[in-house]
2 protein chains.
Amino acid sequence: MQCSKCGNSQVIIKKQQSGQYLCKDCFIESIEKKVIKTVKKEKLLDKGDKVLVALSGGKDSVTTLEILNSFRKMNIIDICAVTVDEGIDNYRQEGVDIAIRHAKRLGIEHKVVSLKEEYGITLDEIMQKDNHIGSCSYCGVFRRTIINKAAREMGATKIATGHNLDDEVQAIMMNYLEGNTDNLTKLGAKSSSKAKEFTVKIKPLREIPEREIGLYVVAKELEVHFDSCPYAQQSFRGEVSDLINKLSEKHPTIKYSALRGYDKIKEAIGDGFKKTYPQSRCERCGEPSANRLCKACTFLEELGK
Amino acid sequence: MQCSKCGNSQVIIKKQQSGQYLCKDCFIESIEKKVIKTVKKEKLLDKGDKVLVALSGGKDSVTTLEILNSFRKMNIIDICAVTVDEGIDNYRQEGVDIAIRHAKRLGIEHKVVSLKEEYGITLDEIMQKDNHIGSCSYCGVFRRTIINKAAREMGATKIATGHNLDDEVQAIMMNYLEGNTDNLTKLGAKSSSKAKEFTVKIKPLREIPEREIGLYVVAKELEVHFDSCPYAQQSFRGEVSDLINKLSEKHPTIKYSALRGYDKIKEAIGDGFKKTYPQSRCERCGEPSANRLCKACTFLEELGK
């Protein structure tokens, strides 16, 4: 068994989709080339962009930072990063430390924002309350708000997140199954720039399978936080993920075909669903919001904060 | 435990979606009402229609015939039926006989067309050839051609098939996963009437789960052919069906939400995908075809017929 590209006998992966065997160097190159291809095809970056990487310290965000940094080294873009400390004991600190070390290594502007400083409450404290809803609901909303705010404060023109192929296909299938057509129009490699209140979000790793990102950070010897969040439960996403992975065993290209199909559907729908963008601002924090209070402030009021 | 509608203590089903318990009579009524609701909502029938039911003798087509017959009894439509005899030993004859008895019982015009008479070859004979592809490919194409032809010969204005909720959601999810966006625009309760060469197809049972149709024929004591086709294999459809059924256990409304979502997507896409309709006719048989030979005649040439 030897590398399908260079003949090296130290093969580290058989690519599920193409069936290619690759050695370490050719594998690293294949991932980086594919991300760059996505960036170009989807026009994710414009010269002069300042890209804020949402950097948790996990494999996906560290890979996003690492590969986008090649555009920074070519002086095409500038990069900054933000790490959200949700306040989860025995879990979050390691990711925060790793994020700090990566930012320092690359010499990029980096900011750590904690829920405690920002809202006076940690996720651990929220989860101790009697009337709490799922942890992911709070975490998702607060993190999104903090990242959007950081983008404005740091003058970022784009926000890059680490969503990979598995994440994206799971979201697509979940929304198909639940019939959430409004959410379906919000997925994709790049968020709409029509909602001027929000910085455009990009997903450079959208075509890279999760397992290949895991192998990439090992091959590149990048320090990452591998633990799973202690609040992660068996969710609908987990069920859908299991089913897609089961189908992928017999149909190795199915994640890609589902993604391509979705992209064609999204394009064909165009403005077929009326999209509403927040027209006003949250009375409490001033963030853009469709309602009197934004989702984050609604949660904070419910939590008595 | 008693019927949620009439209080009868002889409950025969707990409806998966609504959680209702129903007795035999209320269950039968619920199915018939729901089909009639689909017919009205989707405008499947016009007064004066002559509907050709594709009648295999299985539970789905017998139920379709039975419920559409209520529109015939009210003199809204006329009904005729066609049964295709594919030529499968120890399997097909029972369905054919059952179809004949139903047509006779209801006093409707009925035609049995065999692959042998029509094309000089049975499905059994095809499957004995060395160079055959999957049985379902031949069967699907030949059956469709025979049914379309019968509709024209019998002066039918609509063709009704027995596709149920499970069939439809399977097809939707298969096409999502495979990225077959062209096929996606062809699903739905009613085929497009833009292709004037083809009789409009309707699916009155599209919102009825498969298991409820099985129970309906038992409750109504309708004679049906329950055997599975001996050529049916573990196909991609089978895998997708298993996955959807697994999800349905924990999420009992998921088939409906997926269907509703698809219908909204289809409407939003509108003419977003360029649809091509056959512009010419098959050189061999004269049926409408996009190519020189229609799919049925292509198969026949390959089979040396």
Side-chain angles (χ1 to χ4, degrees), chain A residues 17 165-166 168-188 206-207 233-276, chain B residues 17 165-166 168-188 206-207 233-276:
Chain A
Q17 187 198 11
L165 177 65
D166 295 58
E168 192 78 347
V169 175
Q170 285 155 20
I172 291 168
M173 297 311 293
M174 283 163 68
N175 285 307
Y176 280 154
L177 285 163
E178 292 180 316
N180 283 336
T181 46
D182 282 352
N183 281 357
L184 271 176
T185 56
K186 291 177 192 159
L187 300 172
R206 188 179 183 252
E207 305 207 13
Q233 318 110 329
Q234 176 59 356
S235 55
F236 182 53
R237 180 180 282 270
E239 290 174 64
V240 171
S241 165
D242 290 347
L243 302 185
I244 297 169
N245 285 333
K246 195 167 180 320
L247 279 176
S248 291
E249 287 168 19
K250 252 181 91 173
H251 311 277
T253 60
I254 211 157
K255 290 177 191 169
Y256 289 101
S257 61
L259 191 80
R260 302 274 173 260
Y262 166 75
D263 286 348
K264 279 200 265 175
I265 289 170
K266 191 184 169 192
E267 203 190 326
I269 290 176
D271 285 322
F273 296 119
K274 274 172 212 140
K275 292 172 207 155
T276 51
Chain B
Q17 187 199 10
L165 178 64
D166 295 59
E168 192 77 349
V169 175
Q170 285 155 22
I172 292 168
M173 297 311 295
M174 284 164 67
N175 285 307
Y176 280 155
L177 285 162
E178 292 180 316
N180 282 336
T181 46
D182 281 353
N183 281 357
L184 271 176
T185 57
K186 291 177 192 158
L187 300 172
R206 186 179 185 250
E207 305 206 13
Q233 318 110 330
Q234 176 59 355
S235 55
F236 183 51
R237 180 181 282 271
E239 290 174 64
V240 171
S241 164
D242 290 347
L243 301 186
I244 297 170
N245 285 334
K246 196 168 179 317
L247 279 176
S248 291
E249 287 167 19
K250 251 181 90 174
H251 310 278
T253 60
I254 212 156
K255 290 176 191 169
Y256 289 101
S257 60
L259 191 79
R260 302 272 173 262
Y262 166 74
D263 286 349
K264 278 200 267 175
I265 289 170
K266 191 184 170 191
E267 203 190 326
I269 290 175
D271 285 323
F273 295 121
K274 272 172 213 140
K275 292 172 208 154
T276 52

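Within every chain, numbering begins at 1; the chains are lettered A, B, ... in the order of the sequence lines, protein sequences first and strands thereafter. Atom set for the values below is all heavy atoms of this structure, side chains included, hydrogens, waters and symmetry mates excluded.
For the atom pair NZ (Lys264(B)) and CG (Asn180(A)), the distance works out to 7.5 Å, reported to the nearest 0.5 Å. Rounding to the nearest 0.5 Å places CD of Glu178(A) at 8.0 Å from NE2 of His251(B). A distance of 11.0 Å separates CD1 of Ile172(B) from OH of Tyr176(A), quoted to the nearest 0.5 Å.
Atom CD of Glu267(B) has 12 or fewer neighbouring heavy atoms from other residues, nucleotides or ligands inside a 6.0 Å radius.
Residue Leu184(B) touches chain A through its side chain alone, counting heavy-atom pairs closer than 4.5 Å.
Interface remark: of the candidates Val169(B), Ile244(B), Val240(B), Leu247(B), Leu247(B) forms the most heavy-atom pairs closer than 4.5 Å to chain A.
The shortest side-chain heavy-atom distance between Met173(A) and Leu177(B) falls under the 4.5 Å cut-off.
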